[in-house]
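Below you'll find the structure, written out as structure tokens, and then a few comments.
All figures in this text were calculated on a predicted structure; none of them were measured in a lab.
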Amino acid sequence: MEFLHYLYDVEIPVVIITNQSGISRGFFNWHDYEKITSRIIDLIGKKNPIIGIFANGLGPNSPVPGWRKPSPEMINYAANMLKIDLHNSFLIGDRLSDVEAGFNAGIRNLIHLETGHGIKEREMVLKFKEKKSSPNPNQMYSYFFCKNLNFYREFLK
């Protein structure tokens with residue numbers, strides 16, 4: 001919560017882009033997802049920088065291209081709808097598909113966390129970074145590898 005409150009205080013809007021394959025696999029339904037999301041919003045409280053949440057319930061074997069990350073379609077839709085400059089944005093995620101989706105959408109600042117799935121996907125993200133490095137300065141991407149959301153404290157020192 002502290003990180004989200006910090007983003008609220010410095011007026012940085014947050015958009016959540018999420019794959020929810022548990023819906024297509026029958027683990028839960030959209031109503032369950034909405035109840036959980038609503039509870040999270042309540043827990044964050046009034047200092048909430050979230051301006052949009054975009055979710056899909058597509059499974060891992062859904063047709064490509066589609067809204068499921070690593071496709072950039074959900075990010076691009078959100079950016080168009082909310083008038084977000086993707087080149088000056090940053091993406092935070094714990095999965096390779098998050099980093100790939102950000103890269104595919106042209107987000108130049110990609111932050112990979114070790115939390116959630118991050119620790120087991122870190123090696124794949126490092127390989128992706130190595131493979132997608134560009135010598136063209138107009139297409140430079142910055143990758144940051146952090147343990148958790150407390151990384152922002154280092155920038156405030």
I need the minimum non-hydrogen distance between [X] and [Y], along with the two atoms involved.
{"X": "G102", "Y": "L91", "result": "CA-CD1, 3.8 Å"}
{"X": "C146", "Y": "I111", "result": "SG-CG2, 4.1 Å"}
{"X": "I107", "Y": "S89", "result": "CG2-O, 3.6 Å"}
{"X": "S24", "Y": "G57", "result": "CB-O, 2.9 Å"}
{"X": "A101", "Y": "K69", "result": "CB-CG, 3.8 Å"}

### Task
Check the hydrophobic clustering (I, L, V, M, F, W, Y; side-chain heavy atoms under 4.5 Å; chains of links allowed) and say if I119 and L149 are grouped together.
no
Starting at [atom1] of [X], measure out to [atom2] of [Y] and round the result to the nearest 0.5 Å.
{"X": "F103", "Y": "L110", "atom1": "CZ", "atom2": "CG", "answer": "8.0 Å"}
{"X": "L96", "Y": "F128", "atom1": "CG", "atom2": "CZ", "answer": "6.5 Å"}
{"X": "N76", "Y": "I17", "atom1": "CG", "atom2": "CD1", "answer": "9.5 Å"}
{"X": "I23", "Y": "H31", "atom1": "CD1", "atom2": "NE2", "answer": "12.0 Å"}
{"X": "N148", "Y": "E114", "atom1": "CG", "atom2": "CD", "answer": "8.5 Å"}
{"X": "N104", "Y": "E73", "atom1": "CG", "atom2": "CD", "answer": "10.0 Å"}

When you measure from the side chain of [X] to the backbone N and O of [Y], does any donor-acceptor pair fall under 3.5 Å?
{"X": "R122", "Y": "H112", "result": "yes"}
{"X": "S142", "Y": "N109", "result": "no"}
{"X": "S71", "Y": "G66", "result": "yes"}
{"X": "N48", "Y": "I50", "result": "yes"}

Please tell me if the side chains of [X] and [Y] come closer than 4.5 Å, counting only heavy atoms from C-beta onward.
{"X": "M140", "Y": "R108", "result": "no"}
{"X": "F145", "Y": "V125", "result": "yes"}
{"X": "I92", "Y": "F3", "result": "yes"}
{"X": "D94", "Y": "E121", "result": "no"}
{"X": "P49", "Y": "V14", "result": "yes"}
{"X": "R153", "Y": "Y6", "result": "no"}
{"X": "R68", "Y": "P60", "result": "yes"}
{"X": "V99", "Y": "Y143", "result": "yes"}

#### Entry: Residue pair F144, F151: steps toward the ring pair (Phe, Tyr, Trp, His ring centres under 6.0 Å) verdict
CA-CA 10 Å; F144 302 93; F151 70 87; 8.0 Å; no
### Stepwise salt bridge (Lys or Arg N to Asp or Glu O under 4.0 Å) test for E100 and K132
CA-CA 10 Å; E100 288 177 318; K132 295 293 183 173; over 6 Å; no
Looking at [X], I'd like to know if its [atom1] atom is crowded, meaning that more than 12 non-hydrogen atoms belonging to other residues, nucleotides or ligands lie closer than 6.0 Å.
{"X": "K147", "atom1": "NZ", "answer": "no"}
{"X": "Y8", "atom1": "OH", "answer": "no"}
{"X": "M81", "atom1": "CE", "answer": "no"}

### Query
Parallel, tilted or perpendicular: which describes the rings of F54 and Y77, with under 30° parallel and over 60° perpendicular?
perpendicular
### Task
Applying side chain to side chain contact (heavy atoms under 4.5 Å, CB included), run through Y33 and T18 and close with a yes or a no.
CA-CA 11 Å; Y33 167 77; T18 180; 3.6 Å; yes
#### Entry: Set of residues satisfying side chain to side chain contact (heavy atoms under 4.5 Å, CB included) with respect to I51, sequence neighbours excluded
P13, V15, L82
### Task
Apply side chain to side chain contact (heavy atoms under 4.5 Å, CB included) to M1 and I44, showing your working.
CA-CA 6 Å; M1 303 292 183; I44 294 169; 3.7 Å; yes
